[in-house]
Amino acid sequence: VQVIGSFNSENKFKRADNGEEVSLLATTGRGYYIVAILGARQEPTNHVMRDLAAIKQDLENWGQGIVLLFPDEKGLQSFDPKEFGELPNTITYGVDIDQTIQKEIARNMRLSNANSLPIFIIADTFNRVVFVSQGYTIGLSNQLMNVIHKL
């Protein structure tokens, strides 16, 4: 696993469950974590959510935080996690305030189109990114687990 970029783990988002603005670091704790920007009611995101449900146990066994964000409140409100089966209990949902996190990932990872969702990264609390995926990706769950097993 190589460091392929940087990302500020102190970035804040608005939690879906209580509306509180918190940092990724405060939410995930020390170590590695997954953060993603999702497009509600978009097929690439729906596909990825079913992938995450398929590896629920593996992600829970890993025990690290997963933060799934939407670019705005409307996206969060139209999203229903129950549509995708049983998802890992390590997920925290929220809204990316002013799309700050999305813009930073796109800039730091040199993504050509910041609005092509979903965007997934695996990073650590020392601001090192070791994985990035954007848009429609076949086998994303396998890719995530391959990286996680090497950490």
Chemist: Would a hydrophobic clustering, with Ile, Leu, Val, Met, Phe, Trp and Tyr connected at side-chain separations under 4.5 Å, put L68 with F84?
Modeler: yes
Chemist: Taking E104 first and then K12, would you say they form a salt bridge - that is, a charged N and a carboxylate O separated by under 4.0 Å?
Modeler: no
Chemist: How many angstroms lie between atom NZ of K14 and atom CD of E21, to the nearest 0.5 angstrom?
Modeler: 8.0 Å
Chemist: So, R15 and D17, do they make that salt bridge, N to O below 4.0 Å?
Modeler: yes
Chemist: Kindly indicate whether the side chain of I4, heavy atoms from C-beta on, has any atom under 4.5 Å from the side chain of V130.
Modeler: no
Chemist: Walk me through whether F7 and I101 qualify under side-chain contact (heavy atoms from CB on, under 4.5 Å).
Modeler: CA-CA 9 Å; F7 176 74; I101 292 171; 3.5 Å; yes
Chemist: So does E83 pair up with R41, basic N to acidic O under 4.0 Å?
Modeler: yes
Chemist: Check whether any side-chain heavy atom of D96 sits under 4.5 Å from a side-chain heavy atom of P71, and report yes or no.
Modeler: no
Chemist: Does the side-chain contact (heavy atoms from CB on, under 4.5 Å) test come out yes or no for T28 and V67, once each step is laid out?
Modeler: CA-CA 8 Å; T28 64; V67 180; 3.8 Å; yes
Chemist: Is it the case that one hydrophobic cluster holds both Y33 and M49, taking links as side-chain heavy atoms less than 4.5 Å apart, direct or via other members?
Modeler: no
Chemist: Are F79 and F70 an aromatic pair, judged by ring center distance below 6.0 Å?
Modeler: yes
Chemist: Please assess E43 against R50 for the test salt bridge (Lys or Arg N to Asp or Glu O under 4.0 Å), listing each intermediate value before the final yes or no.
Modeler: CA-CA 11 Å; E43 184 41 47; R50 286 188 288 275; 3.0 Å; yes
Chemist: How many angstroms lie between CD1 in I37 and CD1 in I105, if you round to the nearest 0.5 Å?
Modeler: 5.0 Å
Chemist: Rounded to the nearest 0.5 Å, what separation is found between the CD1 atom of I66 and the CH2 atom of W62?
Modeler: 6.5 Å
Chemist: Walk me through it: do I122 and L144 pass the test side-chain contact (heavy atoms from CB on, under 4.5 Å)?
Modeler: CA-CA 8 Å; I122 298 177; L144 289 171; 3.8 Å; yes
Chemist: On a heavy-atom basis, which atom in L52 and which in L59 lie closest, and how many Å separate them?
Modeler: CD2-CD1, 3.9 Å
Chemist: If every non-hydrogen atom of V95 is compared with every non-hydrogen atom of L69, which pair is closest and at what distance?
Modeler: N-CD2, 4.0 Å
Chemist: May I ask you to check whether S6 and N127 show a side-chain donor-acceptor distance below 3.5 Å?
Modeler: no
Chemist: Could you give the distance from CD1 (I34) to CZ (F120), rounded to the nearest 0.5 Å?
Modeler: 7.0 Å
Chemist: Kindly work out whether a path of hydrophobic side-chain contacts (I/L/V/M/F/W/Y, heavy atoms less than 4.5 Å apart) joins L117 to L87.
Modeler: no
Chemist: Give a yes or no on whether D80 atom CG has more than 12 heavy-atom contacts from other residues, nucleotides or ligands under 6.0 Å away.
Modeler: yes
Chemist: Within the distance-only criterion (no hydrogens, no angle test), does the side chain of E60 pair as donor or acceptor with the backbone N or O of N89 below 3.5 angstrom?
Modeler: yes
Chemist: Taking I91 as the starting point, is it possible to reach F13 by hopping between hydrophobic residues whose side chains are less than 4.5 Å apart?
Modeler: no
Chemist: Tell me if a side-chain donor or acceptor on Q134 pairs with a main-chain N or O of S116 at a distance below 3.5 Å.
Modeler: yes
Chemist: If you compare all heavy atoms of T137 against all heavy atoms of Q143, which two are closest, and at what distance to 0.1 Å?
Modeler: CG2-NE2, 3.2 Å
Chemist: How long is the span from the CD atom in Q57 to the CD1 atom in I55, to the nearest 0.5 Å?
Modeler: 11.5 Å
Chemist: Out of curiosity, N8 CG to T125 OG1, how far, rounded to the nearest 0.5 Å?
Modeler: 11.5 Å
Chemist: Do L24 and I148 share a hydrophobic cluster, counting only Ile, Leu, Val, Met, Phe, Trp and Tyr and linking them when any side-chain heavy atoms are less than 4.5 Å apart?
Modeler: no
Chemist: Under a 3.5 Å threshold, yes or no: a donor from one side chain and an acceptor from the other, between N46 and Q42?
Modeler: no
